[in-house]
Q: 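Please see the structure below; I have some questions.
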Amino acid sequence: MTAETPPSAPGNAPATTGVAVEWLGLEQVPPEERHGSAGKIGVLWFAAQLVPTAFFLGALGAQDFIGLSFPVAFLAIVLGTALGALAPAVLGLAGPHTGLAQLAQSKPLFGRAITLVGVLAAGTSLAFIALGSIFGAQSLNITVGMPFIPAIALVFAFVGLVSVLGYRFMHRFEQAMALVVGAGFVVVTVAIVGRSGQIVLDQTNHGAGAVGAFALLTTISFSFTFAWAHNAADYCRYLRSDVSKPRLFLSVFAGVSVACIWLEGLGLAAGTLLPDVSAMAAMHDLVGRGPVGAAVLLAMFLGVVANATVAQYSAGLQLLAAGVRLPRPVVTVGTTVLAFALALYLQAGDLAPRFTSVMLLASYWVAPFVGIVAVFWWQRPAVETFVTAACTPVRRLPWRPSALVALLVGFVGCLPFSNTTLGAELAERGPVYGALFGSVSRSVLHGADLAYPVGIVLGAGTYVLLEGVRALHAEREARIPQRAQLQTG
C-alpha cells in the first residue's frame, strides 16, 4: 500500500461527510463524493486572502523606494492583483475536470522529476506558512499576553486540526472565517477612513523611475496572488465535473482579487499612519487598544489560521506527489510540525526579513511551472492520462526531461529581470552574480521586476521546443525499421 493509493480508515464515514477525516490522497475523487458549488470555492479563496500579510504587503507601496502617489500606487495594486489572480482561476478549472490535486495532475508532465517539483512546492508553502504564522502569534501576545512559543503553537494546533480533517471541514471553516475575519477588517477600514485626512502619499518618482516603480509594485501585488497557482486545483477537485467553468473561473478570480485589493489598498492607505513598532502592534494602535482593538487582533489571529490552513493542506498533497508513502492525514501532521519548527527557527534570530527575500526569489519557479502546465493542457491530454499517473508510484513513472529542463531554464532565465533585496546583495559578489541577479532590471528596466512574465514565456517556449525535438527524434527512430524493411525487400 502506497501514498498514491492510501487506505481508507476502517469504520470511518466517507471523507466528505460530517467531520470525518479525509483519507483521499492523490487518487481521483469518485463521482459519489463530488459535491459543492463554484460560489463556495470563491468564498474559500476570499477567506484565504484575509490575512495581515496582504495588509502589510500593501503598506510597501507607501515606502520611499516606491515613491508613487496614492492613485497611481493603488492602480498598480489593482493591476498586479488581477493579473496574478488569473493563474489560480485558470488552473483551478482542471480540478473538477480531473478530480485530482494540482501536483497530481503534473505527474504525467514531469514524470519522476515530480519529486523535485513536489519538494519545491511544499517547501515554498511551508516557508510562507511559517512567516505568516508570526503575525498570529503577535496577535495573541498583544491581546492576552501569551508568550511567543505557546502562541505560535496554538496557531499550528488550529492549522493542523483543520488541515488534517481535510477538504470538507476546511471549506466550512473558511466560510465561517470569511465572516469573522472580514468583520475585523471592516473595523480596520472604518479606522483608516476616519483618519483619511492624515494620509499623505506624494509622488516623488518621475519619468522612467516612476514607470519602474509602478512595475515593481505591480509585481509585488502580482506575486501574492500568482503564487497560489501551484495549489489551484486542490480546493475544487471535489466539485462535480459538469460544474460551470465560467462560473468557477469568476468565483475564484473574484474571491482572490476582491480580498487582496481590499486589504492591500487598506495597507497602502495606512502606510503613512502605522507607527514604527511590530506589525500587529501597529494595527492595534490603528484601531485602538480597547475591547474593539482586542477583538480585531483576535480576528487577525483567525485570519492567519485560515490562510495557513489551505496552504498546509496543499503542502501535504505536494509531498504525496513527491513520493512520500504515507496516508494524507499523517503527511499533513508532519508538514504542520515542520512549519512549526521553521517558525521557531525564524523567530529565534533576525532571519525573517532575509528569509522572506529568499522565498520571494525562490517563488519565481511558479512562473515557468504555469507556462509548462498551460502548454500541456493546450495539447488536450485525456483525463485517463492524469488518473493513471496520479496513482502510479513515482519510481515507476517514466523520465520526462523536457518539463524539468524547461522549468530550470525558465527559473534561471527570469532572474536577470528580477528585483529583490537578496538579489541585489548577491549581485555585489562579482560579475557573474551581477549578471544573473537583476542585471536587466537595473540597467534597462529602471528597477521594474518582470521575472514572472519572462519565466512564463521561457518555460512554455523551452518546453514546446524540447517536445518538438523529442517528437522529431521519435518519428525518425520509427522510420529506421521501415527503411530497413524496404531495403531488404
Side-chain angles (χ1 to χ4, degrees), residues 1-6 24-28 91 94 98 100-129 163 227-234 237 311-339 341-342 358-359 361-377 381 385-412 455 459 462-463 466-467 470:
M1 191 72 68
T2 68
E4 287 80 4
T5 55
L24 196 70
L26 297 185
E27 61 269 50
Q28 186 181 41
L91 266 63
T98 63
L100 298 171
Q102 191 65 57
L103 286 200
Q105 298 175 27
S106 302
K107 291 180 73 175
L109 177 57
F110 286 90
R112 294 187 188 182
I114 195 64
T115 297
L116 174 62
V117 178
V119 170
L120 183 61
T124 303
S125 298
L126 294 180
F128 282 118
I129 292 167
S163 57
W228 286 101
H230 65 291
N231 304 340
D234 298 355
R237 62 195 177 116
Q312 192 74 50
Y313 177 79
S314 287
L317 294 173
Q318 287 155 358
L319 286 184
L320 285 177
V324 175
R325 302 176 65 181
L326 292 169
R328 187 205 68 82
V330 177
V331 177
T332 304
V333 169
T335 58
T336 305
V337 173
L338 288 174
L342 182 57
V358 171
M359 291 315 304
L361 193 64
S363 68
Y364 290 134
W365 73 270
V366 181
F369 173 82
V370 168
I372 295 165
V373 170
V375 170
F376 189 64
W377 271 104
T385 302
F386 297 99
V387 175
T388 301
C391 295
T392 300
V394 173
R395 67 182 182 277
R396 295 180 184 173
L397 291 172
W399 289 103
R400 301 290 188 196
S402 296
L404 178 61
V405 172
L407 186 73
L408 296 176
V409 169
F411 175 69
V412 175
T462 304
Y463 180 69
L466 293 177
E467 282 295 283
R470 185 185 67 82

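Quick note: numbers below take in every heavy atom, side chains included, and nothing from hydrogens, waters or symmetry partners.
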Q: To check you understand the geometry: which heavy-atom pair defines the closest contact between Gly118 and Leu103, and what is its length?
A: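 What the structure gives for the nearest pair is CA-CD1, 3.6 Å.
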
Q: Show, in sequence, the C-alpha distance, side-chain angles and deciding distance for Val117 and Ser106, and conclude whether the side-chain contact (heavy atoms from CB on, under 4.5 Å) test is met.
A: CA-CA 9 Å; Val117 178; Ser106 302; 5.7 Å; no

Q: Any chance you could lay out the side-chain contact (heavy atoms from CB on, under 4.5 Å) test for Ser314 and His230, step after step, and finish with the verdict?
A: CA-CA 9 Å; Ser314 287; His230 65 291; over 6 Å; no

Q: Sequence neighbours left out, cut at 3.5 Å: what donor-acceptor pairs do the side chains of residues 397-410 make with other protein atoms?
A:
residue, atom, partner, partner atom, Å
Ser402, OG, Glu467, OE2, 2.8

Q: How close do Gln102 and Ala233 get, heavy atom to heavy atom, and via which atoms?
A: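 Result for this residue pair: OE1-N, 3.1 Å.
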
Q: Give me the atom names and distance for the closest heavy-atom approach of Val394 to Ala321.
A: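 Heavy atoms only, the tightest pair is CG2-O, 3.6 Å.
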
Q: Find the distance between CD1 (Ile114) and CD (Gln105) and round it off to the nearest 0.5 Å.
A: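 That separation rounds to 10.5 Å.
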
Q: Please walk me through it: do Phe369 and Leu109 pass side-chain contact (heavy atoms from CB on, under 4.5 Å)?
A: CA-CA 11 Å; Phe369 173 82; Leu109 177 57; 5.9 Å; no

Q: Is there side-chain contact between Pro393 and Arg325, with at least one heavy-atom pair below 4.5 Å?
A: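 No, their side chains stay 4.5 Å or more apart.
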
Q: Is there a side-chain contact between Leu100 and Arg237 (heavy atoms, below 4.5 Å)?
A: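 In short, these two side chains do not touch, never coming nearer than 4.5 Å.
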
Q: Going by heavy atoms in the side chains, are Gln318 and Leu120 under 4.5 Å from each other?
A: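 No; the side chains remain at least 4.5 Å from each other.
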
Q: Ignoring hydrogens, what is the shortest heavy-atom contact between Thr392 and Lys107? Give both atom names and the distance.
A: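 Heavy atoms only, the tightest pair is O-NZ, 2.8 Å.
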
Q: Compare every heavy atom of Ala390 with every heavy atom of Leu26, then report the nearest pair and how far apart it is.
A: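 Closest pair (atom of Leu26, atom of Ala390, distance): O-CB, 3.7 Å.
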
Q: Which heavy atom in Cys391 sits nearest to a heavy atom in Glu27, and how many Å separate them?
A: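 Looking at all heavy atoms of both residues, the closest pair is SG-CB, 3.6 Å.
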
Q: Which distance, rounded to the nearest 0.5 Å, do you find between the CG of Leu319 and the OG1 of Thr332?
A: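 Reported value, rounded in 0.5 Å steps: 9.0 Å.
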
Q: Phe386: which residues meet the ring pair (Phe, Tyr, Trp, His ring centres under 6.0 Å) condition with it, sequence neighbours left out?
A: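 Only Phe376, Trp377 meet the ring pair (Phe, Tyr, Trp, His ring centres under 6.0 Å) criterion with Phe386.
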
Q: Looking just at side-chain N and O atoms, do Gln312 and Thr335 make a donor-acceptor pair shorter than 3.5 Å?
A: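 Thr335 and Gln312 do have a side-chain donor-acceptor pair below 3.5 Å.
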
Q: Show the numbers, then the answer: is there a side-chain contact (heavy atoms from CB on, under 4.5 Å) between Leu24 and Arg328?
A: CA-CA 7 Å; Leu24 196 70; Arg328 187 205 68 82; over 6 Å; no

